Amino acid sequence: MSGTILVLGAGGNVGRPLVKALLAQGEKVRAATRSGDAVEGAGGVVFDYANPAMLAAALDGVDRAYLMLPAGHVEALALLLPVVELLAARRIKIVFQSAMGVNADDNIPYRQVELAIERSGTPFVILRPNWFADNFHTYWKAGVDHGVIAVPAGQGRTSFIDARDIAASAAAALSRGDFDGQAWDLTGPEALGYAEAAQLLSDVLGKPVRYEAVDDARFIDQLSSAGVSRAYAEFLAAIFHPVREGWTAAVTDAVPRLTGQAARSLRTYAEDHRQALAG
Ligand SMILES: NC(=O)c1ccc[n+]([C@@H]2O[C@H](COP(=O)([O-])OP(=O)(O)OC[C@H]3O[C@@H](n4cnc5c(N)ncnc54)[C@H](OP(=O)(O)O)[C@@H]3O)[C@@H](O)[C@H]2O)c1
């Protein structure tokens, strides 16, 4: 493959390290953002999911694309299916960032996007990451600041994955052909409960951080008053159900198999993001 790789969500948690990794491999990369600014040295192109038709102008010379739904959006089918159609019509290989567990039920919107890609006839790889370690310096940052991470996780454990490992897995799936047609559950190397995760952050940051199990209603109110849309807060509350049920505790070897490198631990994540977590 010698064409250009289009990265959607290029300025985000996974997109930015993905662009970096692809450029380091010598790939040609086009970075899609709403501003059209360059990302990590890759030329930018303006794209908004609200207007999928504008993507057509960005596809010149593109033979592979990284597709994701930006966080904060819940309309997976409405926003992603038109993009899948545009890419598949040009036989552009799609590497889709889905989410771990969505294949439990074909009615889940992300699963329906996966199925549309699988049936489209274009080459594809599906990546299903578990909960990101990076949520601790984004969604749960206010909690870390206040010393209390209050989420409805019960006693459930999660094999948190570092966004850099998702990016490295995505780079492998995009640049190699031997993973085509496959779906991978991406996890970190061990499953931790939120109390253990809070203790670990406490150790690394040198200040008290504890976990408080809350119910959905309090969690939704908390996020809504922090500016998250009610619909997205409800979506996040709903996806804590599988956490409480123990479904996010699985550990896979997908990251080492895709990248040749061990997946980073939550401690490595925390040490490397000490400034973002403490700032
Ligand atoms: N966080 C988790 O624990 C977790 C776990 C499993 C799966 N996931 C999935 O991973 C995805 C999020 O990945 P991420 O955190 O890497 O993404 P992200 O950082 O939230 O978003 C990526 C980029 O999308 C761009 N964007 C936002 N709205 C847009 C729009 N309307 N049109 C075009 N671009 C837009 C933003 O860049 P600009 O402002 O520059 O345009 C943003 O930097 C979601 O689909 C989520 O469901 C997340």
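Predicted model, so just to flag it, every value in this text is computed and none were measured. We count ligands from 1, going down the list as the structure has it; atoms in each ligand are counted the same way.
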Atom indices of ligand 1 within 4.0 angstrom of [X] heavy atoms, with elements:
X: Ser98; value: 7 (C)
X: Gly12; value: 19 (O), 22 (C), 43 (O)
X: Asn135; value: 1 (N), 2 (C), 3 (O)
X: Pro129; value: 6 (C)
X: Ala99; value: 6 (C), 7 (C)
X: Gly11; value: 43 (O)

**Message:** Would you say the ring centers of Phe136 and Phe160 fall short of 6.0 Å from each other?
**Reply:**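 Between Phe136 and Phe160, the centre distance is under 6.0 Å.
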Backbone N or O of [Y] within a donor-acceptor pair of the [X] side chain at under 3.5 Å?
X: Arg64; Y: Leu174; answer: yes
X: Glu196; Y: Gly193; answer: yes
X: Asn130; Y: Thr248; answer: yes
X: Thr259; Y: Ser169; answer: no
X: Lys207; Y: Gly147; answer: no

If the contact criterion is a heavy-atom separation under 4.0 Å, does [X] count as touching ligand 1?
X: Arg128; answer: no
X: Ala32; answer: no
X: Asn130; answer: yes
X: Ala50; answer: no

Please state which protein non-hydrogen atom is closest to [atom] and give its distance, to 0.1 Å?
atom: atom 4 (C) of ligand 1; result: Phe132 CE1, 3.2 Å
atom: atom 15 (O) of ligand 1; result: Asn13 ND2, 2.8 Å
atom: atom 39 (O) of ligand 1; result: Arg34 NH2, 2.7 Å
atom: atom 40 (O) of ligand 1; result: Thr33 CB, 3.5 Å
atom: atom 47 (O) of ligand 1; result: Tyr110 OH, 2.6 Å
atom: atom 31 (N) of ligand 1; result: Asp48 OD1, 3.0 Å
atom: atom 13 (O) of ligand 1; result: Gln97 NE2, 3.1 Å
atom: atom 16 (O) of ligand 1; result: Val14 N, 3.0 Å

**Message:** Nearest 0.5 Å, please: how far is OH in Tyr110 from CD in Glu114?
**Reply:**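 Glu114 atom CD to Tyr110 atom OH measures 10.5 Å (nearest 0.5 Å).
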**Prompt:** Distance from Leu236 atom CG to Phe240 atom CZ, nearest 0.5 Å?
**Reply:**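 Output value for this atom pair is 7.0 Å.
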**Asked** Looking at Lys93 and Asp63, does any basic side-chain N land under 4.0 Å from a carboxylate oxygen?
**Response**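 Salt bridge: no.
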**Prompt:** Between Ala71 and Tyr232, what is the shortest heavy-atom contact and its length?
**Reply:**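 Looking at all heavy atoms of both residues, the closest pair is CA-OH, 3.6 Å.
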**Prompt:** Nearest heavy-atom pair of Gln97 and Ile166: which atoms, and what distance?
**Reply:**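 Nearest pair, atom of Gln97 first, then Ile166: OE1-CG2, 4.1 Å.
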**Any side-chain donor near an acceptor of the partner, Ser35 and Thr33, under 3.5 Å** =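 Ser35 vs Thr33: donor-acceptor pair found between side chains.
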**Aromatic plane relationship, His241 with Trp247 - under 30° parallel, 30 to 60° tilted, over 60° perpendicular** =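 Answer is perpendicular, since the angle exceeds 60°.
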**Asked** For Gly9 and ligand 1, does the shortest N/O to N/O distance drop below 3.5 Å?
**Response**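 In fact, backbone or side chain, Gly9 has no N or O that close.
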**Message:** Using heavy-atom distances only, which candidate in Pro70, Ala167, Gly72 approaches atom 24 (O) of ligand 1 most closely?
**Reply:**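 The residue whose heavy atom sits nearest atom 24 (O) of ligand 1 is Pro70.
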**Request:** Under 4.0 Å, heavy atoms only, figure out whether ligand 1 is touched by the backbone of His73, its side chain, both or neither.
**Result:**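 It is the side chain that touches ligand 1; the backbone stays farther off.
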